[in-house]
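Starting off with a structure, shown below.
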Amino acid sequence: MLEKTALITGVTGQDGALLSQFLLNMGYKIIAPTRLNPDISKLKQIGIQSNQNIEFVTYNKWSDFKLIIADFQPNEIYHLAAMSHVGESHNSPDKVFNVNAMWTIELLKATLERSPNSKFFFASSCEIFQNNLNHPVSENDPKMPTNPYGISKLSAHSMVQYYRDVKGLFACNGILFNHESTIRDASFVSKKICSEVARIVKTPGEPLLLGNIDAKKDWGFAEDYVKSFYSMLQQDIADDYVISTGKLHSVKDMVTHAFNALDYTITWHGSGLDSIAKNKHGETVVAIDEQYFRPLDNRFLVGNNNKAKQKLSFNNITPFSDWVKSMTLAEYKKQQ
Ligand code: GDP
């Protein structure tokens, strides 16, 4: 059988690295466009940085993708690169919009012009949905983002639909809820919690400082999610899918599970800004710092993943406690 090729933007990020690993195991060749001197630490962490079936290609500007796509004629294109931090997007809406929306348009154009048979996946986001929807949201629920990140993702998402419905590209949106792994960036709360909990259990000292610990997210495990990206592109018809677990957990739950993973007992006291957690010696191990609070962070959005379950067999969802445990153990091992 001929080897399949997949072009992945954002190969050095969490999802790019994990998707590469998954596709390499399926016998794919990966085309990995990066800027000059990319940070390949995540690829290193999962041991695929020197895999012969990854071809790194340097690009300087987005218009270079026309040539790259024309040259390689990839079977599949996974557009994962993005500015991915919702909190930071409030400070740089212009940059976020440019990277997340304009770059997607460039890629869709380049695909249609230079390799129209390539199948296209876009990493859309749950941040596109309207605030205060209090049922599990599915693909056609109302969209009205409340932060620049979500606004940029919705624009790109709509362009993907336009290129599918009007221009005929095989293009899919994965509407992704938060998804974490051992190679998550430190700016995300999961990584912060697991690495700080590991530090505190090893050498108690400064407490873990968090923002809104009552914030709740539909959090999943990234290794499960990247498999669904691939499944979308194996369907007969291009479509959009919510990828979520369908369950909510609070930041506080995550902290509790992380300490549990290392058999370290904590007890919670107070509420809101006065919340703290103490260890069995009465030392404070978790406290609140207002600098980590965000505007409009009070929505408890949960995803309805029925379509992904039915059409993509998205069924083996790793439980929350399992992946929080594996992330915490990985951090603990690193700090030994
Ligand atoms: P995001 O939802 O993509 O922005 O992912 P994050 O992991 O950054 O944040 C998840 C949730 O954790 C948000 O509701 C944050 O407000 C909340 N949170 C509470 N404390 C912190 C913190 O110290 N850092 C971060 N990054 N998020 C925090």
Side-chain angles (χ1 to χ4, degrees), residues 4-11 13-16 18-20 22-23 26 28 30-31 33 65 69 72-82 84 100-101 103-129 137-141 143 145 150 152-179 220 222-245 303-315 317:
K4 271 193 167 183
T5 53
L7 183 149
I8 302 179
T9 70
V11 81
Q14 167 185 267
D15 291 2
L18 295 174
L19 178 65
S20 298
F22 174 71
L23 293 178
M26 305 273 297
Y28 274 63
I30 308 294
I31 314 302
F65 276 86
I69 289 173
F72 288 99
Q73 298 286 310
N75 301 93
E76 295 164 11
I77 296 175
Y78 294 89
H79 181 36
L80 313 182
S84 61
N100 294 1
W103 189 3
T104 309
I105 299 174
E106 288 265 352
L107 280 172
L108 287 163
K109 264 176 68 182
T111 306
L112 187 71
E113 284 172 21
R114 304 297 171 98
S115 183
N117 292 325
S118 298
K119 294 182 171 182
F120 193 100
F121 170 85
F122 174 63
S124 181
S125 163
C126 63
E127 291 290 333
I128 65 177
F129 287 109
V137 292
S138 44
E139 293 75 12
N140 293 324
D141 269 310
K143 319 285 187 306
S152 68
K153 283 285 181 177
L154 180 56
S155 301
H157 174 108
S158 307
M159 276 293 175
V160 168
Q161 292 176 322
Y162 166 76
Y163 271 82
R164 176 174 72 222
D165 298 340
V166 179
K167 303 279 191 178
L169 266 192
F170 190 108
C172 303
N173 284 302
I175 307 171
L176 310 178
F177 280 65
N178 292 46
H179 48 288
E223 289 185 34
D224 299 338
Y225 284 35
V226 296
K227 292 179 193 162
S228 75
F229 307 175
Y230 160 81
S231 303
M232 279 178 222
L233 300 195
Q234 313 314 310
Q235 303 302 304
D236 292 336
I237 296 170
D239 207 343
D240 303 329
Y241 297 86
V242 164
I243 304 298
S244 71
T245 67
N304 174 343
N305 58 15
N306 284 345
K307 184 172 168 184
K309 277 187 170 157
Q310 281 163 18
K311 302 233 163 129
L312 308 178
S313 305
F314 182 69
N315 290 308
I317 299 174

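All values below were derived from every heavy atom in this structure, side-chain atoms included, with hydrogens, water molecules and symmetry-related copies excluded. Please read all numbers here as calculations on a predicted model, not as lab measurements.
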* Considering only NZ, NE, NH1 and NH2 on the basic side and carboxylate oxygens on the acidic side, decide whether D240 and R164 come within less than 4.0 Å. =>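 A salt bridge is present here (some side-chain N lies under 4.0 Å from a carboxylate O).
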
* **Residue pair D15 / V226: nearest heavy atoms and the distance that separates them** =>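 That would be O-CG1, 3.7 Å.
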
* Where I69 and A110 come nearest, the two heavy atoms and their spacing ->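 Scanning both residues completely, I find the closest heavy atoms to be CD1-CB, 4.0 Å.
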
* To do: Kindly give the heavy-atom pair with the smallest separation between G10 and A81, and that separation in Å.
  =>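 Minimum heavy-atom separation between G10 and A81: N-CB, 3.5 Å.
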
* Side-chain contact test, heavy atoms from C-beta onward, threshold under 4.5 Å: evaluate it for Y241 versus M232 and give yes or no. =>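 SC-SC contact between Y241 and M232 confirmed.
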
* Considering all heavy atoms, the nearest P145-G150 contact ->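 Of all heavy-atom pairs spanning P145 and G150, the closest is CB-C, 3.4 Å.
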
* **Test item: P33 and F65 side chains (from C-beta on) under 4.5 Å apart, heavy atoms** =>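 Touching, per the 4.5 Å side-chain cut-off.
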
* To do: Apply side-chain contact (heavy atoms from CB on, under 4.5 Å) to F129 and D141, showing your working.
  => CA-CA 7 Å; F129 287 109; D141 269 310; 4.0 Å; yes

* Asked: Any side-chain heavy atom of K307 sitting closer than 4.5 Å to one from D239?
  ->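 With C-beta onward as the side chain, the pair touches.
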
* Asked: For the atom pair CD (Q161) and CG (L169), what is the distance rounded to the nearest 0.5 Å?
  ->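 Q161 atom CD to L169 atom CG measures 13.5 Å (nearest 0.5 Å).
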
* To do: Take I31 and I8 through the side-chain contact (heavy atoms from CB on, under 4.5 Å) test and state the conclusion after the steps.
  => CA-CA 6 Å; I31 314 302; I8 302 179; over 6 Å; no

* Asked: Would you call Y78 and L19 a side-chain contact if the rule is heavy atoms closer than 4.5 Å?
  ->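 Answer yes - side chains close enough.
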
* F121/F229 aromatic ring centres below 6.0 Å ->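 Centroid distance F121-F229: below 6.0 Å, so yes.
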
* **Side-chain (T104) to main-chain (A156) donor-acceptor, under 3.5 angstrom** =>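 Pair absent, no side-chain N/O of T104 close to backbone of A156.
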
* Asked: Counting N and O atoms only, with roles assigned by atom type, does the side chain of D224 sit under 3.5 Å from a partner on the main chain of I317, one being a donor and the other an acceptor?
  ->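 Answer holds: no.
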
* Find out whether F120 and L112 are in side-chain contact, i.e. whether some heavy atom of one side chain is under 4.5 Å from a heavy atom of the other. =>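 Not in contact.
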
* Do N100 and W103 come within less than 4.5 Å of each other through their side chains, counting heavy atoms only? ->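 Of all side-chain heavy-atom pairs linking W103 with N100, none is under 4.5 Å.
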
* Could you tell me the separation between the CG atom of L176 and the CD1 atom of I243, rounded to the nearest 0.5 Å? =>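 Here the rounded value is 7.0 Å.
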
* Hey, does Y162 have a side-chain heavy atom less than 4.5 Å from the side chain of V160? ->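 V160 vs Y162: side chains apart.
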
* Quick one: do F22 and Y230 satisfy ring pair (Phe, Tyr, Trp, His ring centres under 6.0 Å)? Show the steps, please. => CA-CA 9 Å; F22 174 71; Y230 160 81; 5.5 Å; yes

* Asked: According to the interplanar angle, ranging from 0 to 90°, do the rings of H179 and Y225 count as parallel (below 30°), tilted (30 to 60°) or perpendicular (above 60°)?
  ->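 Ring orientation, 0 to 90° scale: parallel.
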
* **Spacing of E76 atom CD and N117 atom CG [to the nearest 0.5 Å]** =>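 CG of N117 is found 12.5 Å from CD of E76.
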
* To do: Report the distance from atom NZ of K227 to atom CG of L18, rounding to the nearest 0.5 Å.
  =>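 Here the interatomic distance stands at 10.0 Å.
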
* To do: Without swapping roles, check the side chain of S125 against the backbone of E127 for a donor-acceptor pair under 3.5 Å.
  =>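 A pair under 3.5 Å: yes.
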
* **Separation between CG of L23 and CD1 of I30, rounded to the nearest 0.5 Å** =>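 The CD1 atom of I30 is 4.5 Å from CG of L23, to the nearest 0.5 Å.
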
* Do you know the tightest heavy-atom contact between Y28 and T5? ->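 Smallest interatomic distance, heavy atoms only, reads CD2-C, 4.2 Å.
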
* K109 atom NZ: more than 12 heavy-atom contacts under 6.0 Å ->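 Check fails, neighbour count at 12 or below.
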
* Asked: Where the side chain of S20 meets the backbone of G16, is there a donor-acceptor pair that is under 3.5 Å apart?
  ->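 Side chain of S20 to backbone of G16: a pair is present.
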
* **Atom pair SG/CD of C172 and Q235 - distance to nearest 0.5 Å** =>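 So the gap between those two atoms works out to 8.0 Å.
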
* Polar side-chain atom of S244 near backbone of G303 as donor-acceptor pair, under 3.5 Å ->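 Yes, S244 side chain to G303 backbone: donor-acceptor pair under 3.5 Å.
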
* K119 charged N/C atom sitting above F170 aromatic ring, 6.0 Å / 45° ->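 Judged by the rule (NZ or CZ under 6.0 Å from the ring centre, within 45° of its axis), K119 counts as positioned above F170.
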
* Asked: What heavy-atom pair brings K4 and N75 nearest, and what distance separates the two atoms?
  ->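 Nearest heavy atoms, K4 then N75: CA-OD1, 3.4 Å.
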
* Asked: Just wondering, do I175 and H157 contact through their side chains at under 4.5 Å, heavy atoms?
  ->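 They are in contact (side-chain heavy atoms under 4.5 Å apart), so the answer is yes.
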
